[in-house]
Amino acid sequence: MTAREPDRDDDVLSAEDGELPEGWAECLMGDIAEVVGGGTPSAYDETNFCDNGHAWITPADLSRFEGVYIKRGRRGLSDKGLKSSSARLMPARTVLMSSRAPIGYVAIAANEICTNQGFKSFICREDISPEYVFYWLKHKRLDIEEMGSGSTFTEISGSRCKEIPFIFPTLAEQKRIVARVESLLASVNAARERLDKAPSLLARFRQSVLASACSGRLTEDWREKIRDAEGSEELVHRLRAKRRGKYEQYIAGRYKEPCSPSEDKEYEYPEQWSVTSIDELTCLVTSGSRGWAQYYSDIGPVFIRAQNINTDELCLDDIAHVKPPDSAEGLRTRVQKDDMLITITGANVTKAAIVNIDLEEAYVSQHVALARPVDPAIATFLYLWIISPAHGRKKLTSDAYGAGKPGLNLENIREMFIPLPPLPEQQEIVRRVEALFAFAKEIERRVETARAKANALTQSILRAAFRGELVETEADLARREGREYEPASVLLERIRAEKSEGSHTAQHRRSSKSSVSRQNAVGATGRSPLPPPIGHEPTNAVNGSRDGSDHKPASTPSRAAKIDIDDTERDDIMGCIREAFSTGGPRDRETAIRDIARAAGYTRVGDRVREVLDTDVLTAVRRGILNNERGQLSLLCRAIDEYEKDHLVDMLLATTGNSWSEQDDLIRATARHLGFRRTGAQIQDTIKNTIRTAILRGLIEREGTRLRKAR
């Protein structure tokens with residue numbers, strides 16, 4: 001039975017569906033904890049902060065925090081900084097929850113601590129376990145986010161935090177639940193750590209397979225069985241003869257003899273293999289030309305760019321289209337089946353792919369080299385050699401970075417040394433490599449499935465915990481032991497009685513003080529004085545303060561929504577910028593700064609505000625939020641689906657770290673990075689598509705619902 005059904009509007013979510021376990025009670029967070037906000041002293045005064053001062057944290061300090069207990073953040077507050085702000089030192093074991101940017105980061109104070117204004121913290125009663133509250137808030141994070149509101153940024157207020165639904169058993173049962181949850185999550189996290197090692201192990205496995213294939217070790221047993229197999233000298237002679245006829249199809253003018261291989265003495269290979277060069281084995285080595293941008297089109301022939309081959313496979317997920325000119329240039333760079341493509345400039349230099357499908361009509365960009373084998377039968381082995389880290393890729397990487405700038409010229413590719421096996425052995429090598437890679441792919445699939453299950457298991461554990469399914473309830477335990485117990489409903493009634501008594505006492509004190517004040521104010525005239533105008537409260541004649549103390553209060557913001565531009569995360573300012581430009585047309589920088597300041601709650605623009613916002617405007621231009629056309633600023637894209645996919649990928653990568661983050665967090669972070677304060681269906685769908693593109697490009701790794709930058 002529940003002690004009380006909390007009063008709630010339609011948008012205040014219930015604690016848990018279904019009937020509560022026996023002995024449990026349902027209430028609101030404000031019933032069992034004091035909700036405390038935070039504060040930030042003036043950022044203009046550096047003496048407000050110090051490294052070894054009072055522990056002070058911001059939401060940014062929790063963005064990568066994966067533990068339970070936190071000691072301090074990046075900066076601390078001095079005594080002066082603490083006194084001059086609304087920050088309050090809270091006791092150890094206070095439950096800290098970020099209330100904006102974003103909502104729902106949770107930790108427990110390991111010691112006395114204070115926070116900035118981006119937190120609502122819960123000082124729990126002695127009969128409520130902070131660890132139990134910690135896991136409850138993590139379990140209900142999505143529901144709590146829905147309780148937030150705000151135009152500049154979504155935030156959950158202190159009053160709303162008090163309305164967060166809460167269910168709980170007796171303290172002894174709370175502790176048993178926490179112990180069981182921690183034990184189970186430790187097992188889940190250990191499994192995750194083991195699964196996290198799988199990608200790097202599989203990457204090393206593939207590298208080992210390629211090294212073995214290109215050195216002849218992979219087919220050593222095969223050669224033992226085929227002792228009378230001829231070497232590859234005859235194959236090389238046939239390919240050289242065939243090269244001349246095909247060469248003239250693609251390159252006009254006098255025939256150019258192939259360049260000799262630049263042999264590397266460190267390579268080992270079987271004596272049956274013949275040394276040759278890529279130039280001898282291909283009839284065309286070229287790259288796309290400049291100027292293709294003017295031929296971009298929504299439909300038409302495929303245009304292959306560097307991002308389409310950065311996973312060492314041809315990826316057509318995010319493909320461009322062109323309408324090429326009617327010239328010989330189009331014929332020269334037109335792609336055929338079995339062509340090899342190699343990135344020759346940029347961060348993904350040396351990445352390669354083989355065209356294993358018929359693209360009908362396709363072309364390559366200036367950043368991609370095209371190498372066409374004389375005989376398609378040797379194409380796959382050439383591709384394996386090029387992508388082998390110990391062979392072709394090692395040579396190309398050395399050439400690309402030798403001059404300090406990532407880039408290859410076509411001669412680097414043509415002169416590449418390659419020991420060529422006989423054709424039957426090439427076919428056997430390809431068969432074995434494909435079988436081993438398929439095995440690795442299956443393991444990856446199983447790892448991905450296991451990761452998804454591990455992620456789902458975390459919420460399943462918390463769900464079971466708060467349904468009373470993880471441990472024996474206090475009611476069942478008491479029956480089994482033949483004793484009485486105090487249900488949580490009794491505790492809740494006692495809490496309410498104590499609060500009610502405290503409330504009556506406080507009200508009585510306020511009434512008494514009010515009566516005395518009125519008597520003093522009336523004085524000899526017999527009339528109460530009129531209240532002073534807003535902003536002109538009476539001050540103490542001695543020191544100018546309102547309460548007679550030496551403490552001078554911080555300046556009052558011009559409106560409640562005013563934010564501290566120095567302490568606020570820049571993504572929040574990006575939201576102010578998008579809000580300021582959501583109406584009206586282009587404006588100059590000075591007008592823009594005034595409008596942004598107004599959106600941030602400032603009625604006056606001082607030098608510091610102007611300086612900070614001027615930098616933020618430049619940031620907004622770089623991020624593609626604003627367009628700067630001859631000094632006139634305007635919104636570049638009003639909706640997220642108006643952005644080019646490549647730009648969205650860049651913005652996604654800017655918010656993705658090297659450690660794992662939940663996909664939902666990454667979606668919100670990317671949206672905020674572009675100044676969108678809310679993540680509606682359109683934003684979520686667009687960024688999810690961007691995430692899929694980044695994964696296919698090899699830029700991001702996925703583990704169930706968690707993501708990180710590819711290593």
Side-chain angles (χ1 to χ4, degrees), residues 3-4 6-8 12 15 25-40 54-59 62 68-71 73 77 82-83 85-100 103-141 143-144 147-148 155-171 174-175 178 488-510:
R4 176 177 69 93
D7 297 330
R8 56 174 79 93
V12 178
E26 181 178 12
C27 63
L28 303 175
M29 283 297 298
D31 293 328
I32 54 87
E34 179 186 359
V35 180
V36 180
T40 302
H54 299 287
W56 182 71
I57 64 170
T58 69
L62 292 188
V68 176
Y69 303 95
I70 189 168
K71 293 183 177 180
L77 296 186
L82 180 63
K83 291 177 181 178
S85 72
S86 57
R88 167 183 164 185
L89 278 178
M90 297 171 290
R93 297 179 59 72
T94 297
V95 183
L96 317 171
M97 184 186 78
S98 63
S99 56
R100 70 182 191 192
I103 297 171
Y105 290 153
V106 186
I108 298 177
N111 40 252
E112 198 172 47
I113 206 166
C114 55
T115 72
N116 78 346
Q117 66 271 29
F119 278 85
K120 297 298 180 289
S121 302
F122 302 93
I123 303 176
C124 302
R125 291 176 53 95
E126 293 182 356
D127 30 33
I128 300 296
S129 163
E131 289 79 9
Y132 181 90
V133 173
F134 169 85
Y135 286 114
W136 171 258
L137 294 176
K138 288 181 75 71
H139 174 50
K140 304 299 288 184
R141 177 176 178 176
D143 292 346
I144 294 171
M147 297 175 68
E155 179 175 13
I156 182 168
S157 65
S159 60
R160 291 292 278 168
C161 282
K162 293 178 182 179
E163 297 174 354
I164 296 173
F166 183 68
I167 61 174
F168 67 102
T170 63
L171 180 60
Q174 291 174 42
K175 292 180 177 179
V178 168
S489 58
V490 175
L491 169 61
L492 185 57
E493 290 174 2
R494 187 163 60 248
I495 291 172
R496 288 182 179 141
E498 292 173 1
K499 291 184 68 174
S500 177
E501 181 180 350
S503 176
H504 288 316
T505 302
Q507 184 176 1
H508 175 71
R509 288 173 179 169
R510 287 195 298 270

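Using a cutoff of 4.0 Å between basic side-chain nitrogens and carboxylate oxygens, Glu131 and Arg93 are scored as salt-bridged. Under a 4.0 Å N-O distance rule, the pair Lys120/Glu155 qualifies as a salt bridge.
The CG atom of Asp127 sits 5.0 Å away from the CD1 atom of Ile495 when rounded to the nearest 0.5 Å. To the nearest 0.5 angstrom, Leu28 atom CG is 10.5 Å from Arg160 atom CZ. Note: Asn116 CG to Leu77 CG = 9.5 Å, rounded to the nearest 0.5 Å. Interatomic distance, CD of Glu493 versus SG of Cys27, reported as 12.0 Å (0.5 Å rounding). Of the inter-residue distances, the one linking Leu492 atom CG with Asp31 atom CG reads 6.0 Å to the nearest 0.5 angstrom. Atom CG of Leu89 sits about 5.5 Å away from atom NE2 of His54, to the nearest 0.5 Å.
Here the closest heavy-atom approach between residue Lys71 and residue Asn111 is recorded as O-ND2, 2.9 Å. Shortest non-hydrogen contact noted between Cys124 and Val133 is SG-CG2, 3.8 Å. For the residue pair Ser129 and Leu171, the shortest heavy atom distance occurs at N-CD1, 3.9 Å. Of all heavy-atom pairs spanning Pro91 and Ala109, the tightest one is O-CB, 4.1 Å. The two residues Ile103 and Arg141 have their closest heavy-atom pair at O-NE, 3.3 Å. Scanning both residues, Tyr132 and Phe168, for their nearest heavy atoms gives OH-CA, 3.5 Å.
Side-chain contact between Glu498 and Arg125: present, with at least one pair of heavy atoms (C-beta onward) separated by less than 4.5 Å. Two residues are said to be in side-chain contact when any heavy atoms from C-beta on lie closer than 4.5 Å; Ile164 and Phe122 meet this criterion. Looking only at side-chain heavy atoms (C-beta outward), Leu491 and Thr170 stay at 4.5 Å or farther from each other. In this structure the side chain of Phe119 reaches within 4.5 angstrom of the side chain of Ile57, judged on heavy atoms.
Aromatic rings of Phe134 and Tyr69 (six-membered ring for Trp) have centroids beyond the 6.0 Å cut-off, not under it.
Panel note: side chain Trp56, backbone Thr40; no donor-acceptor pair is recorded below 3.5 Å.
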Worksheet item: Under the side-chain contact (heavy atoms from CB on, under 4.5 Å) criterion, do Met29 and Val95 qualify, and how do the steps go?
Response: CA-CA 12 Å; Met29 283 297 298; Val95 183; over 6 Å; no
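Side chains of Gln174 and Tyr135: a donor-acceptor N/O pair is absent below 3.5 angstrom, by distance only.
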